[in-house]
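Keep in mind that what you see is a predicted model, and the values were worked out from it rather than measured. Proteins come first, then strands; the chains are lettered A, B, ... in the order of their sequence lines, and each starts at number 1.
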Number of protein chains: 2
Amino acid sequence: MPAPADSPWSDRPDADAERQAKRMAVLRMAARQFNENGFRATSMADVASALQVTKPTIYHYFASKDEILFECVRMGLAQIREGTARAAARGGTGLDRMQDLIHAYALAMTEDFGICVSRTGDAELSPASRAKFRALKREIDAILRGLIDEGIADGSIRAQDPQLAAFLVSGAINWIAHWYRPDGPKSRDEIAEGTVETLTRALSA
Amino acid sequence: MPAPADSPWSDRPDADAERQAKRMAVLRMAARQFNENGFRATSMADVASALQVTKPTIYHYFASKDEILFECVRMGLAQIREGTARAAARGGTGLDRMQDLIHAYALAMTEDFGICVSRTGDAELSPASRAKFRALKREIDAILRGLIDEGIADGSIRAQDPQLAAFLVSGAINWIAHWYRPDGPKSRDEIAEGTVETLTRALSA
DNA sequence: ACGCGACTTTACCAGCGGGTATACTGCCGA
DNA sequence: TCGGCAGTATACCCGCTGGTAAAGTCGCGT
């Protein structure tokens, strides 16, 4: 007897949501621990005990430690990509849109998954995951780089070497993930605003 | 029969130099491997075999893996400190000296030990080494931060939030270690020059 | 010639960490 | 009431890695 054509498997609509919520909880905790102690130094038992479950429970939701790390950075990259792409698609000069981009990017660098993106070295992922990771990062770099070129074209941005400028800007932003502390004196938004202000001066014509 | 009072132990003047050279070779190779594959992913056997010796040989020169990593970052930090301190001690406005500082710092980020400094997370060192590592980094931060303050005082530098500006500048520079490749299109000096140029625009009044 | 000490190696250990086999529990539909 | 299944736990395996013991080896001064 086949299930109704419109939804095989999904007898219960909320069961799937429950599972997704638990997956997410694992990712959040894992990202936090990775950020604090490093990926290799964090054992799956550490993550499990922090969630007050045991290792096999986590492996019920994920196939491997590598998959967990990759999902973490995928989350972070998705957020960055969304913010930067939205900024690039707006109206205004290249510099105007670059300011929005920097703001969104900097904000992402103060959240668990965003920090994970910045702190995760390529070598920590499996070859397969690493390839995907690099591809996603390249996409974001391309958006940033494209906006610099547009800004140069419309005269709002000046840069001797656009490629180098792109690296330096993304470096300043990425490094936020290395010093930001939630309990620090500056709020996330103050940091993002200040970053926009300083980097704008570096880029404006 | 005691050794001559002026130099106990040093019967052979070059024996010590030999030993130092070998220590250095271990450090260089270790730093290179740490940078390429990450500290935790690099085993002592890897380092040893790359030098065509065996593990105990390395442990004849160093007490632990932690000591090797710490010596690597100490080398890098010493180079950075030397360059930045020299720049800060020169004449000229704050901004003038800051340009020299950025140039020296950026150059250091394209060498094995400098890269190691930027890529090494605090969590990878033992508590004791970590404390020293942080202290040395703080020293360099203080030099950079001091120069910004002097530049603001003499009117050559403008920064809404000096602390944030210092973080962003050091971030842009530190990130060089994450993308620089010796076989890339730009020479070390071109990168350093370009970095100075872009960051100067971000800081100048 | 010889012994001493710096250096190097072979062989080994102990612990840890990713991942799994297996069995238990409780909930749902029939 | 019962079968099945998602989810969780206990106990375990095995390869790898930091680090070491002990046995050479080589070159030098005497």
Nucleotide of [options] approaching [X] most closely (side-chain heavy atoms):
{"X": "Y61(B)", "options": "dC7(C), dG18(C), dT8(D)", "answer": "dC7(C)"}
{"X": "Y59(A)", "options": "dG19(D), dG18(C), dT9(C)", "answer": "dG18(C)"}
{"X": "M44(B)", "options": "dG18(D), dT8(D), dG18(C)", "answer": "dG18(D)"}
{"X": "V53(B)", "options": "dT9(C), dG19(C), dG18(D)", "answer": "dT9(C)"}
{"X": "R19(B)", "options": "dC7(C), dG19(D), dT8(D)", "answer": "dC7(C)"}
{"X": "P56(A)", "options": "dG18(C), dT8(C), dA9(D)", "answer": "dA9(D)"}

Whole-Å distance separating the [atom1] atom of [X] from the [atom2] atom of [N]:
{"X": "Q52(A)", "N": "dA9(D)", "atom1": "CD", "atom2": "C1'", "value": "15 Å"}
{"X": "I68(A)", "N": "dG18(C)", "atom1": "CD1", "atom2": "C1'", "value": "11 Å"}
{"X": "D46(B)", "N": "dC16(D)", "atom1": "CG", "atom2": "P", "value": "11 Å"}
{"X": "E124(B)", "N": "dT17(D)", "atom1": "CD", "atom2": "P", "value": "15 Å"}
{"X": "K65(B)", "N": "dG19(D)", "atom1": "NZ", "atom2": "C1'", "value": "12 Å"}
{"X": "R23(B)", "N": "dA6(C)", "atom1": "CZ", "atom2": "P", "value": "16 Å"}
{"X": "K22(B)", "N": "dA6(C)", "atom1": "NZ", "atom2": "P", "value": "13 Å"}
{"X": "R40(A)", "N": "dG18(D)", "atom1": "CZ", "atom2": "P", "value": "12 Å"}

Quiz item: Hey, are the side chains of T198(A) and F167(B) touching, using non-hydrogen atoms and a 4.5 Å cut-off?
Solution: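 With C-beta onward as the side chain, the pair stays apart.
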Can you tell me if [X] touches the phosphate of [N], counting only side-chain N or O atoms and a distance under 4.0 Å to OP1 or OP2?
{"X": "K55(A)", "N": "dG7(D)", "answer": "no"}
{"X": "H60(A)", "N": "dT8(D)", "answer": "no"}
{"X": "T57(A)", "N": "dA9(D)", "answer": "yes"}

Quiz item: Between A63(A) and A41(A), which is nearer to the 5' end of DNA chain C once each is assigned its nearest nucleotide?
Solution: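 Checking each residue's closest nucleotide, the 5'-ward one belongs to A41(A).
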Quiz item: Between K65(A) and F70(A), is NZ or CZ placed under 6.0 angstrom from the six-membered ring centre and within 45° of the ring axis?
Solution: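 So K65(A) doesn't make the cation-pi contact.
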Self-check item: Crowding at CZ, R188(B) (>12 non-hydrogen neighbours, <6.0 Å)
Solution: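 Above 12, so yes.
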Quiz prompt | Sidechain N-carboxylate O distance under 4.0 Å for D161(B), K186(A) | solution =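 Looking at D161(B) and K186(A), the cut-off is met.
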Quiz item: Hey, is D122(A) close enough to R130(A) for a salt bridge, meaning N to O under 4.0 Å?
Solution: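 Answer for the salt bridge query: no.
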Quiz item: Which is true for S43(A) with a 4.0 Å heavy-atom rule: it touches a base, it touches only sugar-phosphate, or it touches nothing?
Solution: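 S43(A): backbone/sugar contact only, no base atoms under 4.0 Å.
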